[in-house]
Number of protein chains: 2
Amino acid sequence: MGSTAQFVILGMLSKEPMTGYDIRKRVKTRMGSFWDINYGQIYPTLRTLEKKGEVTKKVEIMENRPNRKVYSITNKGLNELKKWLLKPAEPESAKIETLLKVAFGEHLSKDEIIKHINEFKARNISRLEDASNIEKEMKAQLKKNEKYFFPLLTFSLGKSLHKAGIEWADTAIELIEKHKNFTKLYENGKNKISKIN
Amino acid sequence: MGSTAQFVILGMLSKEPMTGYDIRKRVKTRMGSFWDINYGQIYPTLRTLEKKGEVTKKVEIMENRPNRKVYSITNKGLNELKKWLLKPAEPESAKIETLLKVAFGEHLSKDEIIKHINEFKARNISRLEDASNIEKEMKAQLKKNEKYFFPLLTFSLGKSLHKAGIEWADTAIELIEKHKNFTKLYENGKNKISKIN
DNA sequence: TGCATATATATCTTTCTGATATATTATAAA
DNA sequence: TTTATAATATATCAGAAAGATATATATGCA
């Protein structure tokens with residue numbers, strides 16, 4: 001029913017046959033910070049999809065280590081994927097804990113808030129670098145293989161969002177640093193126990 | 001233990017006493033699309049926090065409708081909130097289903113993809129408008145009341161991210177529209193059943 | 001030699017989402 | 001006027017997702 005995980009798995013398998021482990025890795029690199037799927041969803045879902053005949057399993061016998069279970073999408077699975085792809089997308093959602101901590105910033109000192117924002121900035125820089133590196137590789141191969149057209153589109157949004165995050169961090173720190181009444185604000189926060197808004 | 005919901009609730013109550021219903025409304029308007037909390041978390045968590053002595057409840061008896069249960073943060077709750085505020089924030093996460101559908105775009109027609117991107121754009125425009133409106137009100141009150149300083153900081157990131165989304169949508173549609181081999185790409189996608197990458 | 005990382009599958013608990021139920025009042029539309 | 005639906009307010013439940021942990025081996029590297 002309403003489990004997006006199954007369609008992420010079908011979508012990944014529509015590109016090439018993979019193990020559950022591969023699916024996780026691929027979602028991490030291809031979707032960056034804009035989607036995630038973990039083993040707790042992948043392995044049970046693969047079993048459900050197999051029962052429904054939407055994927056097939058080929059076991060590669062391994063010596064002295066877990067057998068590789070390589071899954072492929074079936075025609076039935078591809079049809080289900082396409083049906084889902086035609087439906088309108090769910091609204092975007094995000095979890096930015098840094099914004100939560102900034103929003104409750106009256107309980108923190110200037111330095112503590114700036115520390116949070118700098119860590120936020122560092123994560124955005126690191127993710128921007130990751131996205132740029134993969135984008136570079138894909139762009140080089142785009143001339144030979146058209147299949148990178150769509151993944152590249154998603155990377156361009158990722159890059160823009162991370163850049164926006166980095167720029168915001170810089171201006172936010174500036175604003176906090178030159179804020180004259182900050183200490184007063186902080187003292188108010190410290191002593192306030194559920195007063196009026 | 002590791003439930004962020006309780007700290008969101010404590011944070012909201014640190015601003016003023018509220019009902020569970022108020023908390024939901026406030027998170028929606030103040031955090032926009034960057035955090036969400038629903039009743040399934042709010043009401044059980046409020047009970048837990050009450051048991052732990054981190055919030056207190058005052059029941060306002062209502063005639064012919066549910067009594068209002070107004071919660072306030074205690075000193076103990078405020079201390080727990082501050083402890084959490086000092087911890088490093090969890091890495092950002094997001095769910096952008098539109099990107100998922102674009103990434104699997106080889107199974108869709110040009111028009112179908114553009115439709116998804118336009119819907120994404122519309123959501124971003126609407127959220128940008130919401131953020132701008134609330135920001136405007138807050139800015140007007142900032143001169144009188146310093147408390148809006150932090151919420152305003154979060155709104156500025158929200159606005160930037162939505163603007164980035166809108167700009168991406170425009171350039172993505174342009175790229176798709178002028179893409180010559182698109183039909184070929186689509187036909188390949190249509191006929192491909194788990195071939196090589 | 002020891003440590004970290006990568007490959008690979010699996011499960012389990014906690015947390016979160018989304019939907020639904022109940023009940024009233026206020027407002028807007030037919 | 002009636003009808004619908006949005007807003008206020010609390011509450012619960014099933015299903016989905018997150019996060020952590022367990023197991024086992026191989027490989028690279030100080």
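Values below: every heavy atom of this structure, side chains too, minus hydrogens, waters and symmetry copies.
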### Message
Please report the distance, rounded to the nearest Å, between CZ in B:Arg26 and C1' in D:dT8.
### Response
16 Å
## Note on the structure
When rounded to whole Å, the CD1 to P distance for the pair B:Ile9 and D:dT10 reads 12 Å
### Query
Does A:Gln41 make a side-chain N or O approach to OP1 or OP2 of D:dA16 shorter than 4.0 Å?
no
#### Entry: Most 5' of B:Gly40 and B:Asp22 on DNA chain D, judged by nearest nucleotide
B:Asp22
### Query
What is the distance, rounded to the nearest whole Å, between atom CG of A:Asn67 and atom P of D:dT25?
13 Å
### Task
Round to the nearest Å and state the distance from B:Lys95 atom NZ to D:dA18 atom C1'.
9 Å
### Message
Just N and O in the side chain of A:Ser3: are any of them under 4.0 Å from OP1 or OP2 of D:dG15?
### Response
no
### Query
If you take all heavy atoms of A:Ala103 and B:Met31, which pair is closest and at what distance?
CB-CE, 3.6 Å
### Query
Whole-Å distance between C:dC16 C1' and A:Asp36 CG?
15 Å
### Message
Using only atom types and a distance under 3.5 Å, with no angle test, would you say the side chain of A:Lys101 pairs donor to acceptor with the backbone of B:Lys87?
### Response
yes
### Message
Tell me whether the side-chain N/O atoms of A:Thr19 come closer than 4.0 Å to OP1 or OP2 in C:dT7.
### Response
no
### Task
Using five base pairs at each end, measure the axis-to-axis angle across the helix from C:dT1-D:dA30 to C:dA30-D:dT1 and round it to 10 degrees.
50°
### Message
If you compare every side-chain N and O of B:Ser93 against the phosphate oxygens of D:dA18 (OP1, OP2), does one of them come in below 4.0 Å?
### Response
no
### Message
What contact category does B:Arg47 fall into here, base, sugar-phosphate, or nothing, at under 4.0 angstrom with non-hydrogen atoms?
### Response
sugar-phosphate
### Summary
Whole-Å distance, A:Ile23 CD1 to C:dA6 C1', equals 18 Å
### Message
Counting only heavy atoms from other residues, nucleotides and ligands, does the tally under 6.0 Å from NZ of A:Lys139 exceed 12?
### Response
no
### Query
Quick one: which of D:dA16, D:dT8, C:dT11 gets closest to the side chain of B:Lys25?
D:dT8
### Query
Taking it one step at a time, do A:Ser72 and A:Met18 satisfy side-chain contact (heavy atoms from CB on, under 4.5 Å)?
CA-CA 7 Å; A:Ser72 304; A:Met18 275 184 249; over 6 Å; no
#### Entry: side-chain N/O A:Lys69 vs C:dT9 OP1/OP2, d < 4.0 Å
no
### Query
Does NZ or CZ of B:Lys159 fall inside the cone over A:Trp168's six-membered ring, less than 6.0 Å from its centre and within 45° of the axis?
no
### First encountered from the 5' end of DNA chain D, between A:Ile37 and B:Pro44
B:Pro44
### Selection from D:dT8, C:dT11, D:dA17 that lies nearest to any side-chain heavy atom of B:Tyr21
D:dT8
### Task
Could you tell me whether the side chain of A:His116 and the main chain of A:Asp111 form a donor-acceptor pair under 3.5 Å?
no
### Task
Using whole Å, report how far CZ of B:Arg24 lies from C1' of C:dC16.
12 Å
### Task
With heavy atoms under 4.0 Å as the rule, sort B:Gly20 into base, sugar-phosphate or nothing.
sugar-phosphate
### Task
Using distance alone, with no hydrogens and no angle criterion, decide if B:Gln6 and B:Lys52 have a side-chain donor and acceptor under 3.5 Å apart.
yes
### Message
At less than 4.0 Å, is any side-chain N or O atom of B:Tyr43 found next to OP1 or OP2 of D:dA11? Yes or no.
### Response
no
### Task
Please determine if a side-chain N or O atom of A:Asn38 lies less than 4.0 Å away from the OP1 or OP2 oxygen of D:dA17.
no
### Message
Can you see if the side chain of A:Tyr39 gets near the phosphate of C:dA10 - specifically, an N or O under 4.0 Å from OP1 or OP2?
### Response
no
### Message
Rounded to whole Å, how long is the line connecting atom CZ of A:Arg68 with atom C1' of D:dA26?
### Response
14 Å
### Message
As a quick check of understanding, evaluate salt bridge (charged side-chain N to carboxylate O under 4.0 Å, His left out) for B:Lys57 and B:Glu50, giving each step before the final call.
### Response
CA-CA 7 Å; B:Lys57 183 174 65 187; B:Glu50 202 193 357; 3.7 Å; yes
